[in-house]
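A short worksheet on the structure shown next.
This structure is a prediction, so every number in the text was calculated from the model and none was measured. Scope of the values below: all heavy atoms of this structure, side chains included, with no hydrogens, waters or symmetry mates.
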Amino acid sequence: MNQISLGKSSLKVSQIGLGCINFGTKVHEEQAFELMNTYVRCGGNFFDTANNYAVWNGGDGSESEKTIGRWLKKEGNRGNIILATKLGAKPGNMNVNDFTNMQGLGRKVILKSVQESIENLQSDYLDLLYLHVDDFKTPQAETMATLSELVDKGLIRAIGCSNFYTWRIESARKICEKYNYHFFNAIQQRYSYLTPTIDTDFYPQVAVDQGLQKYIEYYRDLTLVAYSPLLKGQYNQQQILHEGYDTLFNQRKLKKLLEEEKSPNQWVLKYIMQQFGGSVALLTTSSIEHLMETMNCSI
């Protein structure tokens with residue numbers, strides 16, 4: 001499994017990351033352990049989770065992190081793993097498990113969330129911390145100053161953002177340049193081979209658009225980490241599954257892909273990994289067979 005650097009950081013990650021969103025809820029612990037072991041044996045080292053995975057499955061948001069933490073303790077391989085988690089999207093009121101009352105990106109939330117994630121993951125630090133969603137109510141200077149402070153203290157090795165609009169990333173960049181704060185090394189966004197229409201609303205998700213593509217290509221200091229790369233089985237189907245992707249252009253792209261490629265899912269992942277000088281595709285699955293197939297692994 002090929003590895004690339006995350007932005008300008010020292011982190012080297014496999015180009016297929018393991019999405020751990022359902023660990024501890026829909027994916028029980030024994031199954032999650034088997035998936036993580038298989039992923040590592042197939043050459044992967046990049047684990048993706050969040051502090052709200054997965055409240056919509058009936059959990060409190062700590063299940064995924066705690067499952068990974070118990071696996072790390074059992075395997076004793078923390079030094080070989082790159083851990084990425086996220087904060088900001090956890091419900092402020094756990095009785096309302098949706099995205100209407102997210103905690104946001106204020107200083108108190110960040111400090112408390114980072115400490116909780118470190119404890120859940122049974123680690124002394126986080127390799128990569130994402131801002132899970134943007135927070136327009138909190139001054140960006142407060143958010144970036146807090147993150148930079150945590151990097152300087154060694155609690156975080158690198159920072160990233162997720163579901164951000166391009167103009168907000170640039171705004172954060174200007175703040176970091178002005179105050180000499182640490183800037184993002186990764187951007188995690190919805191991205192695949194097929195492209196959604198410009199007016200498709202995935203809230204709270206944000207898809208890569210042409211503006212962000214040009215931004216990444218221009219600065220070359222942000223690595224794209226693509227979630228939903230396979231669009232929930234889209235490349236196993238002849239018809240477009242999501243109306244936001246149902247355009248004549250996408251229909252033609254899908255038809256050509258399925259006609260020419262014997263393993264369309266592997267082709268799509270390879271395509272994503274080649275974009276923007278090297279990107280990461282996050283694979284979320286509950287199947288060992290699917291994991292091995294898409295990683296082209298035969299251990």
Open item on the list: Can a side-chain donor-acceptor contact be found between Tyr215 and Glu170 if the only test is distance below 3.5 angstrom?
Closed with: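 Result is yes, a qualifying pair exists.
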Task: Any donor-acceptor N or O pair under 3.5 Å, side chains Gln251, Tyr245 - done: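 Checked: Gln251/Tyr245 side chains show no N/O donor-acceptor pair below 3.5 Å.
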Could you pull out all residues at least two apart from [X] that satisfy side chain to side chain donor-acceptor pair (under 3.5 Å)?
X: His290; value: Thr285
X: Arg220; value: none
X: Gln15; value: Asn2

Can you list every pair that meets salt bridge (Lys or Arg N to Asp or Glu O under 4.0 Å) and has a residue in [range], with sequence neighbours left out?
range: residues 119-131; answer: Arg78-Asp127, Asp127-Arg157
range: residues 1-30; answer: Glu29-Arg70
range: residues 223-246; answer: none

Excluding sequence neighbours, so at least two apart, what forms salt bridge (Lys or Arg N to Asp or Glu O under 4.0 Å) with [X]?
X: Lys112; result: Glu116
X: Lys255; result: Glu259
X: Glu260; result: Lys256
X: Lys86; result: Asp48

- [ ] State whether Phe33 and Lys74 meet the cation-pi test: NZ (Lys) or CZ (Arg) under 6.0 Å from the six-membered ring centroid, and within 45° of the perpendicular axis.
- [x]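 No cation-pi geometry.
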Task: Within 45° cone of Phe136 ring axis and under 6.0 Å: Arg168 NZ or CZ - done: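 The answer is yes; both the distance and angle limits are met.
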Task: Stepwise side chain to side chain contact (heavy atoms under 4.5 Å, CB included) test for Leu147 and His182 - done: CA-CA 8 Å; Leu147 293 176; His182 296 281; over 6 Å; no
Review item, side-chain donor-acceptor pairs of residues 262-273, under 3.5 Å, at least two apart:
unit_1 : atom_1 : unit_2 : atom_2 : d
Asn265 : ND2    : Asn236 : OD1    : 3.1
Gln266 : NE2    : Glu293 : O      : 2.5

Identify every side-chain donor-acceptor pair in residues 197-212 under 3.5 Å, counting partners at least two apart or on other chains, and give the distances.
unit_1 : atom_1 : unit_2 : atom_2 : d
Thr197 : OG1    : Asp199 : OD1    : 2.9
Thr197 : OG1    : Thr200 : OG1    : 2.5
Thr200 : OG1    : Thr197 : O      : 3.4
Thr200 : OG1    : Gly244 : O      : 3.4
Asp201 : OD1    : Tyr203 : N      : 2.9
Tyr203 : OH     : Phe99  : O      : 3.3
Gln205 : OE1    : Arg190 : NH1    : 2.6
Asp209 : OD1    : Gly211 : N      : 3.2
Asp209 : OD1    : Leu212 : N      : 2.9

